[in-house]
2 protein chains.
Amino acid sequence: MAAGEGDDSATTGSTLGYALLSLLTRGPATGYQLTQQVKAPLGHFWTARHSQIYPELARLSAAGWVDSVEQAGPGPRAKKTYAVTPSGLAALRAWLVIPPTAQPRSEITLKAYAATSADPAAMAALYTDLAERSTRLLAEFAQDAERMRAAGQDDPGHPRFGNYAVLMMGIESQRAVHRWACWLAACLRTGRPAAYGEPAGD
Amino acid sequence: MAAGEGDDSATTGSTLGYALLSLLTRGPATGYQLTQQVKAPLGHFWTARHSQIYPELARLSAAGWVDSVEQAGPGPRAKKTYAVTPSGLAALRAWLVIPPTAQPRSEITLKAYAATSADPAAMAALYTDLAERSTRLLAEFAQDAERMRAAGQDDPGHPRFGNYAVLMMGIESQRAVHRWACWLAACLRTGRPAAYGEPAGD
DNA sequence: GAATCCATGTAAAGTGTTACATGATTGG
DNA sequence: CCAATCATGTAACACTTTACATGGATTC
């Protein structure tokens, strides 16, 4: 430990840092490009704004987990293209196999918890809308999945297999949301216990 | 607007505030009791620590959305039992019918995005563990659901119908996680695209 | 010439976790 | 007597969102 620079294996990263490293394993990118790439398919399960991404890239760079090269940018500042370093990849690999503990947060489920306090018709409309939204998303995701399978991305050996895996989770989640929202809307509309799995006029 | 106190309908609450109001619609409770109650079934989709709950109760009280009565507590401070006020209930009802926009966050899905960067056997073990965990949770949730149905909580007219609705979402979510984790573990174990819906020796 | 995209950053405010701090009561 | 439960709070830190700030290049 001579100068406190370079690959210090004692450094700990944030989840956002590992998310950015994951994105950079697809290839070098600028902060701006990462901001776009985090939108899909990762955005269904993880989001970050540019205001969070730029400082985090600086931290990753200070930790020696990414390298950057500067080019003349369009604006007043230089454009920086980042790439993962070997120590960054090692850190990512170590983080990946740690079982996650974070609990999910779902505002729509929280609202269901208090469903009986609100107007039943308005709440039923909320969950009917949600069911429609999930139908749209499922159609969209199914198309994406078809395209990925055609490109061989459903093979675990493909470098972008992770994109396919995340999309599959999106499909499973939206199927779950759709079934639940249909059931809940039916309950609230009729005012009586509804059976599960019946689309009921959707 | 005379004194700046009482029910000021312009006040805006945080999601946590509405979560606490939702819990209090089940009946008056202390901050400590709310801390316990937020664990299940709501805890599968929303959590909060006591350090967040106590200050939020103070804010709700200042907004006139809850009332509190003090009793002699066991410790150095008085024990406060909170109850929702009519203006608090009105605020909750208004919030409930606003369509939520917050995106869910899932660390386990984020890790899947970078699955190909890690050791396949270690990653397969991670998702096999996840599948086992979801199996355990599903058995637990099924029992809870059975108990609730026996108590008539599956009726939208029951005051605790929301507990049942949240539990149903828990069941749907865990089913989705189970199918996905089994598929992903099979992919990583065999190194080849796996078919969906086959439990594959679980 | 107006809008959008590319591209980078900072500041302030809000939300959430971990740790600190106190003390009575109950059961083993 | 030790541990857990009941019961309430604060402080410091980490994470996230919203808003502020700049300015070139491209397209309508």
Side-chain angles (χ1 to χ4, degrees), chain A residues 11-20 23 28-39 42-43 45-63 66 68-82 95 100-107 110, chain B residues 11-20 23 28-39 42-43 45-63 66 68-82 95 100-107 110:
Chain A
T11 314
T12 324
S14 65
T15 307
L16 174 63
Y18 294 113
L20 296 180
L23 284 162
T30 65
Y32 183 84
Q33 287 174 320
L34 291 170
T35 307
Q36 311 303 119
Q37 286 169 30
V38 88
K39 284 176 188 164
L42 206 53
F45 298 99
W46 199 269
T47 53
R49 308 296 173 96
H50 80 273
S51 59
Q52 214 184 341
I53 289 171
Y54 286 113
E56 184 64 33
L57 282 170
R59 277 188 287 270
L60 291 173
S61 193
V66 297
S68 63
V69 287
E70 299 195 8
Q71 299 125 283
R77 295 187 197 83
K79 167 176 143 179
K80 289 171 210 160
T81 302
Y82 292 88
W95 173 76
T101 52
Q103 301 289 77
R105 253 157 217 276
S106 165
E107 203 174 313
L110 174 59
Chain B
T11 315
T12 324
S14 65
T15 307
L16 174 64
Y18 295 113
L20 296 179
L23 284 162
T30 65
Y32 184 84
Q33 288 174 320
L34 292 171
T35 307
Q36 311 305 116
Q37 286 170 31
V38 88
K39 285 176 187 164
L42 206 53
F45 299 100
W46 199 270
T47 52
R49 308 296 173 98
H50 80 273
S51 58
Q52 212 183 345
I53 289 171
Y54 287 113
E56 185 63 33
L57 282 170
R59 278 189 286 270
L60 291 173
S61 193
V66 297
S68 64
V69 287
E70 299 195 9
Q71 299 125 286
R77 295 187 197 83
K79 167 176 144 179
K80 288 171 209 160
T81 303
Y82 292 88
W95 173 76
T101 51
Q103 301 290 78
R105 252 157 217 275
S106 165
E107 204 175 311
L110 174 59

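Every value quoted in this text rests on a predicted model; they were computed, and no experiment measured them. Below, chain A is the first sequence line, B the second, and so on; all start at residue 1.
In this structure, the side chain to side chain contact (heavy atoms under 4.5 Å, CB included) partners of B:Thr15, at least two apart in sequence or on a different chain, are A:Glu107, A:Leu110, B:Trp46, B:Trp95. Under the side-chain hydrogen bond (donor to acceptor under 3.5 Å, both in side chains) criterion, A:Thr47 pairs with B:Arg105, not counting sequence neighbours. By the side chain to side chain contact (heavy atoms under 4.5 Å, CB included) test, B:Tyr32 pairs with B:Thr30, B:Gln36, B:Tyr54, sequence neighbours left out. With sequence neighbours excluded, the residues that form a side chain to side chain contact (heavy atoms under 4.5 Å, CB included) with A:Ala48 are A:Leu16, A:Gln52, A:Ile53.
Listed by first and then second residue, the side-chain hydrogen bond (donor to acceptor under 3.5 Å, both in side chains) pairs involving residues 68-78 of chain B are B:Gln71-B:Thr81 (not counting sequence neighbours). Residue pairs satisfying the salt bridge (Lys or Arg N to Asp or Glu O under 4.0 Å) criterion with at least one member in residues 47-57 of chain A, sequence neighbours excluded, are listed as follows: A:Glu56-A:Arg59.
C:dT15 atom P lies 8 Å from atom CD of B:Glu56, rounded to whole Å. Note: CG (A:Leu20) to C1' (D:dC15) measures 14 Å, nearest angstrom. Atoms CG (B:Leu16) and C1' (D:dT17) sit 17 Å apart, rounded to a whole Å. B:Trp46 places its CH2 atom 10 Å from the P atom of C:dT17, with the value rounded to the nearest Å. Rounded to an integer number of Å, the gap from CD of B:Gln36 to C1' of D:dC6 is 9 Å. The distance from atom CD of A:Glu70 to atom P of C:dC6 is 21 Å, rounded to the nearest whole Å. In this structure, the CZ atom of B:Phe45 is 20 Å from the C1' atom of C:dG16, given to the nearest Å. Taking atom CD1 of residue B:Ile53 and atom P of nucleotide D:dC6, one finds them 15 Å apart after rounding to whole Å.
Close to C:dT15, at under 4.0 Å from its OP1 or OP2, lies no side-chain N or O of B:Arg49.
Taking CG from B:Leu57 and NZ from B:Lys80, the interatomic distance works out to 9.0 Å, rounded to the nearest 0.5 Å. Taking OG from A:Ser106 and CG from B:Leu42, the interatomic distance works out to 10.0 Å, rounded to the nearest 0.5 Å. The distance from the CG atom of A:Leu23 to the OH atom of A:Tyr18 is 15.0 Å, given to the nearest 0.5 Å.
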Where protein sits on nucleotides 8-14 of chain D, one letter per nucleotide: B base, S sugar-phosphate only, - none, heavy atoms under 4.0 Å: BBBB---

Protein proximity profile, nucleotides 23-28 of chain C - base contact B, sugar-phosphate-only contact S, no contact -, cut-off 4.0 Å on heavy atoms: BB----

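Between the side chain of A:Thr35 and the main chain of A:Gly31, a donor-acceptor pair closer than 3.5 Å is present.
End-to-end axis angle of the helix from C:dG1-D:dC28 to C:dG28-D:dC1, using five pairs per end and rounding to 10°, comes to 30°.
Between A:Gln37 and A:Ala29 the shortest heavy-atom distance is NE2-CB, 4.1 Å.
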